[in-house]
Amino acid sequence: MSCYLHPPNTSLFRRNVADDTRSEDLRREFGRYGPIVDVYVPLDFYTRRPRGFAYVQFEDVRDAEDALHNLDRKWICGRQIEIQFAQGDRKTPNQMKAKEGRNVYSSSRYDDYDRYRHSRSRSYERRSRSRSFDYNYRRSYSPRNSRPAGRPRCSRSHSDNDRPNCSWNTQYSSAYYTSRKI
DNA sequence: GTTGGTCACA
């Protein structure tokens with residue numbers, strides 16, 4: 001009762017990661033606390049885009065705990081990341097297939113995916129453009145609320161975690177450019 | 001606002 005039960009798995013589940021976060025970065029960042037066994041960033045099976053979380057498996061649970069306590073609730077790129085112990089074992093393809101309950105790799109599979117992706121892409125572009133326009137319009141029209149929010153940017157904290165990998169508004173810039181070009 | 005690589009054929 002006076003001792004905390006340690007999870008049987010050494011896999012850490014880190015969520016709220018950036019979209020352009022790569023497994024290499026995660027391994028490098030987590031590798032400072034201990035040897036990394038494997039790092040994986042699950043992607044959407046349909047859109048092939050990062051879902052926003054990643055898994056980091058340590059070789060020892062002690063290192064995992066250390067990393068969890070050191071990187072958990074840390075602000076990176078103006079976003080607070082959260083690290084937890086991965087629950088359950090690695091999802092096996094069989095489970096994912098059973099979850100979907102659908103014949104994978106069929107003849108009309110690519111067709112369906114392509115259609116889904118296309119539809120989503122169009123919607124995303126439209127939304128992004130509308131948002132960018134609205135944002136710029138409001139920002140210029142409302143001198144009172146010129147600042148969206150007081151989000152802490154990539155400021156070097158008391159730690160040596162300086163990661164100027166802030167390409168967050170890069171896509172926004174691209175969308176804005178496209179809308180302007182039209 | 002809460003969690004993972006989907007197969008086949010030879």
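The basis for the numbers below is simple: all heavy atoms, side chains too, and nothing from hydrogens, waters or symmetry mates. Within every chain, numbering begins at 1; the chains are lettered A, B, ... in the order of the sequence lines, protein sequences first and strands thereafter. Remember, it's a predicted structure, so these values are computed and weren't measured experimentally.
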Undergrad: For A:Gly88, answer base if it contacts any base atom (sugar-phosphate contacts may also be present), sugar-phosphate if it contacts only those atoms, and nothing otherwise; contact means non-hydrogen atoms under 4.0 Å.
TA: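 Counting heavy atoms under 4.0 Å across all strands, the contact made by A:Gly88 includes a base.
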Undergrad: Roughly, in whole Å, what's the span from CZ in A:Arg51 to P in B:dG4?
TA: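 The answer, rounded to whole Å, is 6 Å.
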Undergrad: Using the side chain to side chain donor-acceptor pair (under 3.5 Å) criterion, which residues pair with A:Arg90? Sequence neighbours excluded.
TA: A:Asp38, A:Gln57
Undergrad: Quick one: label A:Gln84 by what it contacts on the DNA or RNA (base, sugar-phosphate, nothing), any heavy atom closer than 4.0 Å.
TA: base
Undergrad: How close or far is atom P of B:dT3 from atom CE of A:Met96, stated in whole angstroms?
TA: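 One finds 11 Å between P of B:dT3 and CE of A:Met96, rounded.
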Undergrad: Of the candidate nucleotides B:dC7, B:dT2, B:dG4, which contains the atom at the shortest distance from the side chain of A:Lys97?
TA: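 The listed nucleotide nearest to A:Lys97's side chain is B:dC7.
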Undergrad: State which residues pass side chain to side chain contact (heavy atoms under 4.5 Å, CB included) with A:Pro42; sequence neighbours excluded, sorted by chain then number.
TA: A:Tyr40, A:Phe53, A:Tyr55
Undergrad: If I take atom CG in residue A:Asp38 and atom C1' in nucleotide B:dG5, what distance separates them, rounded to the nearest angstrom?
TA: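 From A:Asp38 CG to B:dG5 C1': 10 Å.
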Undergrad: So, the side chain of A:Asn9 versus the backbone of A:Ser11: is there a donor-acceptor pair under 3.5 Å, distance only?
TA: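 Between the backbone of A:Ser11 and the side chain of A:Asn9 there is no qualifying donor-acceptor contact (under 3.5 Å).
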Undergrad: In whole angstroms, how far is the C1' atom of B:dT2 from the NZ atom of A:Lys91?
TA: 12 Å
Undergrad: So does A:Lys74 pair up with A:Glu82, basic N to acidic O under 4.0 Å?
TA: no
Undergrad: Can you measure A:Phe85 atom CZ to B:dT3 atom P for me and round it to whole angstrom units?
TA: 18 Å
Undergrad: Among B:dC7, B:dG4, B:dG1, which is the nearest nucleotide to the side chain of A:Asn16?
TA: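 From the listed options, B:dG1 comes nearest.
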Undergrad: Would you kindly give the CG-to-P distance between A:Leu26 and B:dG4, to the nearest whole Å?
TA: 16 Å
Undergrad: Heavy atoms only, 4.0 Å cut-off, all strands: where does A:Tyr55 land among base, sugar-phosphate and nothing?
TA: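 Base contact.
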Undergrad: Could you state the atom-to-atom distance from CZ of A:Arg49 to P of B:dG4 in whole Å?
TA: 17 Å
Undergrad: Between P on B:dT2 and CD1 on A:Ile83, what's the gap in Å once rounded to a whole number?
TA: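 To the nearest whole Å, that distance equals 19 Å.
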Undergrad: Counting N and O atoms only, with roles assigned by atom type, does the side chain of A:Asp44 sit under 3.5 Å from a partner on the main chain of A:Arg49, one being a donor and the other an acceptor?
TA: no
Undergrad: Does the side-chain ring of A:Tyr40 sit on the six-membered ring of the B:dG5 base, less than 5.5 Å centre to centre and under 30° in tilt?
TA: yes
